[in-house]
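Note: hydrogens, waters and symmetry copies are ignored here, and every other heavy atom, side chains too, is used.
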2 protein chains.
Amino acid sequence: MPERFARRIPAPTVVRLPLYQRVLNELAREAVATVSSAELAEACGVNAAKVRKDLSHFGSYGTRGTGYDVDYLLGQIQRELGIDRERAVVIAGMGHLGHALARSAGFVQSGFRIVGLFDVQPDTIGEVVAGLRVRHVSELPSVCRSEDAAIGVITTPGGAAQDVCDRMAEGGVSAILNFAPVVLTAPASVQVRDVDFSAELQVLAFYQAHPDAATGRPEAPARAGR
Amino acid sequence: MPERFARRIPAPTVVRLPLYQRVLNELAREAVATVSSAELAEACGVNAAKVRKDLSHFGSYGTRGTGYDVDYLLGQIQRELGIDRERAVVIAGMGHLGHALARSAGFVQSGFRIVGLFDVQPDTIGEVVAGLRVRHVSELPSVCRSEDAAIGVITTPGGAAQDVCDRMAEGGVSAILNFAPVVLTAPASVQVRDVDFSAELQVLAFYQAHPDAATGRPEAPARAGR
DNA sequence: GCATGTGAAGCAGTTCACAGCG
DNA sequence: CGCTGTGAACTGCTTCACATGC
């Protein structure tokens, strides 16, 4: 058992971990035994030195002159990501996006299990999606507690997002993935990540309008601070 | 017509522009006439100095002692984002996510018009979604050219993404929003932004597993880089 | 008086380059 | 000899603090 305390990991590094994990998974499936930082970097589209620095934050997993053992490295990264234990997730807002996420194979493969679907529309409640019955949002807090769900996904319209956020916090959720185009207010103990499709397109549009501003390759933008 | 050459805008600033745009839009709807950098910062969940610095990259739009004129500032930001002209978008991969995006109201409101939907499934082709008939991916390049679509969205399974990417490039697309969990290879002239839901959840899981690593407030989304 | 705009300071992540080790 | 791991240099964003101007 390696050391216990993770040193402060740079946020950009944390964001890249899932990428490494994904690529290593593929390599493992292809029965590749070892990778050098250069190869892994190539496959991830990042700089080799960055890969080594990132991995070094967790310890020395590589072998000099050889590279990294794919299976071992994969295991270490998954452990860092806390994928060893399955995590329960609830989704609020069963519109098209909510449906899409509920049925997403990627979530399950990544170690997440969806344990609750919620909405407020009378005609949506009761519907069965991905084997789960959609319930009214008022039941969200209790379900979070009974299912021990610590992660919530918000796919409601903007107007309903803050209310849902409050209910999630009430249910003990400590991490929220927010797709609603709204700035949420949540307790400091609740981690919020925002995803905004329109904003992504707008960024692309910006660089189209300002080709000179494009920095060759955008790359890992890091977190904008709050 | 203001000046022509945009100075090099920091990538983090570009990522925040859509956020400012959104918040300013709300303020405009509420008929708020002016905002100070502090108020705008509060509403966006960012630092006030950052707001001023960001805006200063585009010129001096504020009035000392008063703040910024909401309508004027909004107009300037939209102009910077190139929202003044509508942009045509094509979507490849009409699974649940593709459907969700095709019907997304947010895209239209943000100045994007969806002009083509594509898939390879025989039973999906021909279906009409959001007023558009789904066509076979082989038609993608020609439609991009005829509709002058410069932005493509990939919502296919991972295995089909690179092929679609190639076809988009062939069709003259210069910006791609990629939802497939794959590292795409595209010409340097094509800007790619990746969005990976599972990766977002994994990042949240990481911070749950390492509460000590949480940097106060991560904030606004960032893209895992290429 | 009050809020912007900005030089300067501070800080963080990236990249370099090489010592160290298999 | 090759590749990792890492100190050090570098680059760039963030934050500060205040002069400027309404």
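- Atoms CG and CD1, on Leu204(B) and Ile176(A) in that order, are 9.0 Å from each other to the nearest 0.5 Å.
- Asp163(A) has a carboxylate O that lies under 4.0 Å from a charged side-chain N of Arg167(A), or vice versa, which qualifies the two as a salt bridge.
- Regarding Arg8(A), its CZ atom lies at a distance of 13 Å from the C1' atom of dA12(C), rounded to whole Å.
- Atom pair Lys53(B):NZ and dT4(C):P shows a separation of 14 Å (rounding to whole Å applied).
- The separation between Asp69(B) atom CG and dA3(C) atom C1' is 15 Å, rounded to whole Å.
- Rounded to a whole Å, the NZ atom of Lys50(A) is 4 Å from the P atom of dT15(C).
- The base of dG20(C) lies close enough to the side chain of Arg64(A) for a donor and an acceptor atom to sit less than 3.5 Å apart.
- The distance from the CG atom of Leu184(A) to the CE atom of Met168(A) is 9.5 Å, given to the nearest 0.5 Å.
- Each of dG13(C), dC16(D), dT15(C) was ranked by its minimum atom distance to the side chain of Ala49(A); first place goes to dT15(C).
- Rounded to whole Å, the distance from CG on Leu73(B) to C1' on dA3(C) is 14 Å.
- Between Glu39(B) atom CD and dT4(C) atom P the separation is 8 Å, expressed in whole Å.
- To the nearest angstrom, C1' of dC13(D) lies 16 Å from CZ of Arg52(B).
- The side chain of Tyr68(A) lies closest to dG5(D), out of dG5(D), dT14(D), dG22(C).
- Comparing Thr13(A) and Thr66(A), the nucleotide of DNA chain C nearest to each residue sits closer to the 5' end for Thr13(A).
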Verdict with reasoning, Gln208(A) to Ser174(B), per side chain to side chain donor-acceptor pair (under 3.5 Å): CA-CA 8 Å; Gln208(A) 286 191 328; Ser174(B) 64; 2.8 Å; yes
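- Each of dT14(D), dT15(C), dG5(D) was ranked by its minimum atom distance to the side chain of Asn47(A); first place goes to dT15(C).
- Rounded to an integer number of Å, the gap from CG of Asp54(A) to C1' of dT6(D) is 13 Å.
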